[in-house]
Undergrad: 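One structure coming up, written as structure tokens, with questions to follow.
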Amino acid sequence: MLEKKIPPGQSFREDLIVYDIAPVPPQDLENFRLRLFGQVRVPCELSWEELLRLPRVQVRADFHCVEGWSVEGLVWEGVPASAIVYLVRPDPHVQWVLAHGRDGYTTNLPFSYFARPDTLLAFSLNGEPLPPQHGWPLRLVVPSLYAYKSAKYLVALEFLSELKRGYWEERGYHDVGDPWREERRWR
Ligand SMILES: Nc1nc2c(c(=O)[nH]1)N[C@H]1C(S)=C(S)[C@@H](COP(=O)(O)O)O[C@H]1N2
Ligand SMILES: [Mo]
């Protein structure tokens with residue numbers, strides 16, 4: 001038998017468990033905007049149509065929740081984070097990205113993880129449009145970090161040279177959150 005690789009302290013389960021800090025009102029794509037701002041050369045706001053004109057990528061990856069469960073082999077499709085970096089041209093001293101959800105959720109992650117080739121802004125999961133509870137219409141997906149970094153209902157990305165903590169990070173969860181290093185909490 002081939003043994004599956006899984007980060008320390010995690011075990012596989014069949015389905016995602018939905019976590020939400022607050023109920024989210026539906027979004028119509030007509031009024032959807034993704035705001036890209038902070039320490040960048042080219043701040044901008046993208047409409048849904050503009051977003052769909054950007055490059056596409058498909059990523060197959062395991063999903064690791066900091067509470068100890070993982071789901072194997074999810075297939076996400078969307079815009080690679082590298083395309084966003086190319087578009088906004090972050091200042092050379094940018095070290096952090098703060099992702100904002102429409103529900104008020106925020107999460108910070110190192111720019112180096114954001115810029116990895118497997119990070120994407122996903123609008124599809126397993127061949128279907130993103131289900132509402134998993135972040136429709138757009139979610140950040142960072143397979144290299146614990147799932148609390150994968151902000152659902154994504155409405156903005158803020159590029160920062162100094163750390164600004166997100167919702168769970170304020171409450172003690174790790175600023176980086178690399179599951180292979182088991183970076184669950186910093187206090
Ligand atoms: N906007 C938003 N994104 C979020 C959350 C949230 O409450 N709001 N919860 C996070 C947490 S703690 C986890 S474990 C994952 C869960 O993803 P899922 O609900 O698609 O299973 O979403 C993350 N992204
Ligand atoms: Mo979580």
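Counting convention: from 1, in listed order, for ligands and their atoms alike.
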Undergrad: Of all the non-hydrogen atoms in the protein, which one sits nearest to atom 14 (S) of ligand 1, and at what distance?
TA: Tyr19 CD1, 3.3 Å
Undergrad: Once you round to the nearest 0.5 Å, how far does CZ of Arg33 lie from CH2 of Trp48?
TA: 12.5 Å
Undergrad: Where the side chain of Gln10 meets the backbone of Cys65, is there a donor-acceptor pair that is under 3.5 Å apart?
TA: yes
Undergrad: Looking only at heavy atoms of Tyr146, does any of them come nearer than 4.0 Å to an atom of ligand 1?
TA: no
Undergrad: Counting heavy atoms only, which part of Asp103 comes closer than 4.0 Å to ligand 1: side chain, backbone, both or neither?
TA: side chain
Undergrad: Please report the shortest heavy-atom distance between Leu51 and Val79, naming the atom on each side.
TA: O-CG2, 3.7 Å
Undergrad: Where's the contact between Val66 and ligand 1, heavy-atom distance under 4.0 Å: side chain, backbone, both or neither?
TA: neither
Undergrad: Going by distance only, is there an N or O of Cys65 that falls short of 3.5 Å from an N or O of ligand 1?
TA: no
Undergrad: Give a yes/no on ligand 1: does Arg139 have at least one heavy atom closer than 4.0 angstrom to it?
TA: yes
Undergrad: Quick test of your reading of the structure: of His134, Arg102, Lys152, Gln133, whose heavy atom lies closest to atom 19 (O) of ligand 1?
TA: Lys152
Undergrad: Under a 4.0 Å threshold between the charged nitrogen and the carboxylate oxygen, would Glu162 count as salt-bridged to Lys164?
TA: no
Undergrad: Students should be able to answer this: which protein heavy-atom is nearest to atom 7 (O) of ligand 1, and at what distance?
TA: Ile21 N, 2.9 Å
Undergrad: Looking only at heavy atoms, is any part of Ser150 under 4.0 Å from ligand 1, and if so is it the side chain, the backbone, or both, or is it neither?
TA: backbone
Undergrad: Pull out every atom of ligand 1 sitting under 4.0 Å from any heavy atom of Asp20, numbered as shown with elements.
TA: 7 (O)
Undergrad: Do me a favour and list the nearest non-hydrogen protein atom to atom 21 (O) of ligand 1 with residue, atom name and distance?
TA: Ile17 O, 2.6 Å
Undergrad: Rounded at 0.5 Å granularity, tell me how far OG in Ser161 sits from NE2 in His93.
TA: 4.5 Å
Undergrad: Please identify which atoms of ligand 1 are closer than 4.0 Å to at least one heavy atom of Tyr153.
TA: 1 (N)
Undergrad: For Thr119, does its backbone N or O pair with a side-chain atom of Trp76 as donor and acceptor, under 3.5 Å?
TA: no
Undergrad: Name the orientation class of the two ring planes belonging to Tyr167 and Tyr105 (parallel below 30°, tilted from 30 to 60°, perpendicular beyond 60°).
TA: tilted
Undergrad: Give the residue and atom name of whichever protein heavy atom lies nearest to atom 23 (C) of ligand 1, and the separation in Å to one decimal.
TA: Ala147 O, 3.4 Å
Undergrad: Is it the case that the side chain of Arg139 and the backbone of Ser150 share a donor-acceptor pair, with hydrogens and angles ignored and the cut-off at 3.5 Å?
TA: yes
Undergrad: Just how far is it from atom OH of Tyr153 to atom NE2 of His134, taken to the nearest 0.5 Å?
TA: 9.0 Å
Undergrad: How far is atom 11 (C) of ligand 1 from its nearest protein heavy atom, and which residue and atom name does that atom have?
TA: Tyr148 CA, 3.8 Å
Undergrad: Please write down residue, atom name and distance for the protein heavy atom closest to atom 10 (C) of ligand 1.
TA: Tyr105 OH, 3.6 Å
Undergrad: For ligand 1, which atoms, with element, lie under 4.0 Å from some heavy atom of Leu16?
TA: 21 (O)
Undergrad: Under 3.5 Å, is there a donor-acceptor pair between the Glu158 and His100 side chains?
TA: yes
